[in-house]
Amino acid sequence: MSITIRPLLEVDLPAADRVLRAAFERDFSFQPALRLSERVQPGSHFVAVNSAGVVGTVGAINYGRFAYIALMGVAPQQQRGGIGRRLIEHALAELDRQGCRMALLDATDAGAALYTPFGFVDDGVACEYVGQFPSSANGDCAAIRPMQESDLAEVIAFDTPRFGADRSTLLRVLLADAAGRALVSCDSAGAVDGFLIARASVLGPWVASDLRAAERLLLAAARLPLNDVAKVFVPRSNGFAESLLAKHGFCVERRLRHMRRGGASPPGVPACLFGQTSFGLG
């Protein structure tokens with residue numbers, strides 16, 4: 001059966017959502033995640049189409065120094081036919097064309113088998129934590145304040161070396177959507193030492209210079225009008241984040257293999273990355 005791979009269109013969103021729900025066995029809509037990725041980087045997602053319609057999706061979010069492979073899924077009835085391999089080949093070829101030589105992703109054990117032939121190697125463990133905020137969170141939040149547009153330049157300057165690349169467009173989009181749920185932490189000299197953007201049920205991106213600043217941000221987020229249950233996507237092997245979340249009652253819901261293709265070493269400062277935006281956006 002002939003397969004065509006092309007950019008994701010607005011009209012494809014319902015079908016792409018159905019594919020991802022079935023492929024990942026998740027009972028929620030992926031359309032917000034797809035829309036967010038396209039707002040951050042238009043043309044970053046692709047669909048595989050045959051006579052049955054949309055049967056697979058993949059994203060490649062290019063941050064310049066590295067990219068994240070995002071939302072790679074194939075409809076279950078179409079799996080084991082080479083569609084996943086075609087999608088990955090297409091995404092990596094696009095990144096090569098753009099001059100991006102490093103790609104990151106988070107995969108299940110079963111999914112990792114698809115990526116290893118393309119040169120992906122294990123580079124740590126990523127964890128999805130879930131927790132319920134206590135009815136009252138105690139802690140010193142005096143150094144925490146709502147993030148304003150005027151803070152963005154300093155926040156971006158703080159984030160870029162720790163994340164490992166400039167994701168200013170993503171941060172601008174998230175701040176515009178945050179409606180008072182973006183927080184910034186400052187040290188005793190008034191300089192930014194962390195930030196957290198709370199998005200309904202997800203805490204992240206969440207970056208802090210140390211464990212103390214990270215905890216202040218978490219306790220301040222607990223006072224926001226959020227869903228009772230929150231998720232945190234902890235990137236590759238951050239023991240500081242894991243101990244902090246365990247201290248406050250969060251539990252691991254799933255573990256994924258963080259994988260990297262290209263580059264001599266992982267980017268950024270993993271110990272400062274307490275929560276990702278998502279497994280697809282970093």
Under the salt bridge (charged side-chain N to carboxylate O under 4.0 Å, His left out) rule, what pairs show up with a residue in [range], not counting sequence neighbours?
range	value
residues 35-54	Glu10-Arg35, Arg39-Asp177
residues 236-250	Glu215-Lys247
residues 106-120	Asp109-Arg257

Evaluate the side-chain proximity of [Y] to [X]: yes if any heavy-atom separation is below 4.5 Å, no if none is.
X	Y	value
Thr57	Leu8	no
Ser2	Asn50	no
Arg261	Ile69	no
Leu152	Arg172	yes
Leu203	Leu218	yes
Phe250	Val232	yes
His248	Leu219	yes

Hey, is [atom1] on [X] packed in by over 12 heavy atoms from elsewhere, all under 6.0 Å?
X	atom1	answer
Phe240	CZ	no
Glu25	CD	no
Arg162	CZ	yes

Give a yes or no answer on whether the side chain of [X] reaches the backbone of [Y] with a donor-acceptor pair at less than 3.5 Å.
X	Y	result
Asn238	Pro235	no
Asp187	Ala191	yes
Ser209	Asp193	yes
Asn62	Gly64	yes
Gln98	Cys100	no

Please name all residues satisfying salt bridge (charged side-chain N to carboxylate O under 4.0 Å, His left out) with [X], sequence neighbours left out, ordered by chain then number.
X	result
Arg199	none
Glu94	Arg97
Arg255	none
Glu154	none

>> Once ring-ring contact (aromatic ring centres under 6.0 Å, His included) is applied, do any residues pair with Phe120, and if so which ones, sequence neighbours excluded?
In response: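 Listed in chain order: Tyr115.
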Heavy-atom pair of closest approach, residues [X] and [Y]:
X	Y	result
Gly73	Leu87	O-CD1, 4.2 Å
Ile83	Ala48	CG2-CB, 3.8 Å
Arg216	Ala143	NE-CB, 3.9 Å
Ala75	Val19	N-CG1, 3.6 Å
Ala60	Gln41	O-OE1, 3.6 Å
Ile197	Ala182	CG1-CB, 4.0 Å

>> Once rounded to the nearest 0.5 Å, what's the spacing between atom CG of Leu20 and atom CG of Leu34?
In response: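 These two atoms lie 6.0 Å from each other.
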> Would Val74 and Arg80 satisfy side chain to side chain contact (heavy atoms under 4.5 Å, CB included), going step by step from the backbone distance to the final call?
Replying inline: CA-CA 9 Å; Val74 176; Arg80 302 187 183 281; over 6 Å; no
> Would Arg101 and Asp96 satisfy salt bridge (charged side-chain N to carboxylate O under 4.0 Å, His left out), going step by step from the backbone distance to the final call?
Replying inline: CA-CA 6 Å; Arg101 304 303 180 193; Asp96 286 343; 3.4 Å; yes
>> Show, in sequence, the C-alpha distance, side-chain angles and deciding distance for Arg86 and Ile3, and conclude whether the side chain to side chain contact (heavy atoms under 4.5 Å, CB included) test is met.
In response: CA-CA 9 Å; Arg86 290 274 306 276; Ile3 292 287; 3.8 Å; yes
> Should the ring pair Tyr68 and His258 be called parallel, tilted or perpendicular, given that the plane angle runs from 0 to 90° and is split at 30 and 60?
Replying inline: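 Ring orientation, 0 to 90° scale: tilted.
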For residues [X] and [Y]: do they belong to one hydrophobic cluster (side chain heavy atoms under 4.5 Å, members Ile, Leu, Val, Met, Phe, Trp, Tyr)?
X	Y	value
Leu196	Leu211	yes
Leu104	Leu170	yes
Phe46	Val49	no

>> Holding to side chain to side chain contact (heavy atoms under 4.5 Å, CB included), I want the full list of residues that pass it with Ala33, two or more places apart in sequence or in another chain.
In response: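 Once residues adjacent in sequence are excluded, the partners of Ala33 under the side chain to side chain contact (heavy atoms under 4.5 Å, CB included) criterion are Leu71.
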>> Under the rule for side chain to side chain contact (heavy atoms under 4.5 Å, CB included), what residues qualify as partners of Arg254, not counting sequence neighbours?
In response: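 Side chain to side chain contact (heavy atoms under 4.5 Å, CB included) list for Arg254, sorted by chain: Arg26, Glu128, Leu256, Phe279.
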>> Checking Ser168 now: which residues fulfil side chain to side chain donor-acceptor pair (under 3.5 Å) with it, not counting sequence neighbours?
In response: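 For Ser168, the residues satisfying side chain to side chain donor-acceptor pair (under 3.5 Å) (neighbours in sequence not counted) are Asp166.
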>> Set out, in order, the CA-CA distance, both residues' side-chain angles and the distance that settles side chain to side chain contact (heavy atoms under 4.5 Å, CB included) for Leu114 and Ile88, then state yes or no.
In response: CA-CA 9 Å; Leu114 173 64; Ile88 291 299; 4.1 Å; yes
> Can Arg21 and Phe30 be said to form a side chain to side chain contact (heavy atoms under 4.5 Å, CB included), step by step?
Replying inline: CA-CA 7 Å; Arg21 284 182 186 230; Phe30 286 85; 4.0 Å; yes
> Taking the hydrophobic residues Ile, Leu, Val, Met, Phe, Trp and Tyr, and joining any pair whose side-chain heavy atoms are under 4.5 Å apart, which ones share a cluster with Val121?
Replying inline: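 Besides Val121, the cluster holds no residue at all.
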> In a check of ring pair (Phe, Tyr, Trp, His ring centres under 6.0 Å) between Phe163 and each of Phe66, Phe158, Trp206, which one passes?
Replying inline: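 Running ring pair (Phe, Tyr, Trp, His ring centres under 6.0 Å) over Phe66, Phe158, Trp206 with Phe163 returns exactly one hit, Phe66.
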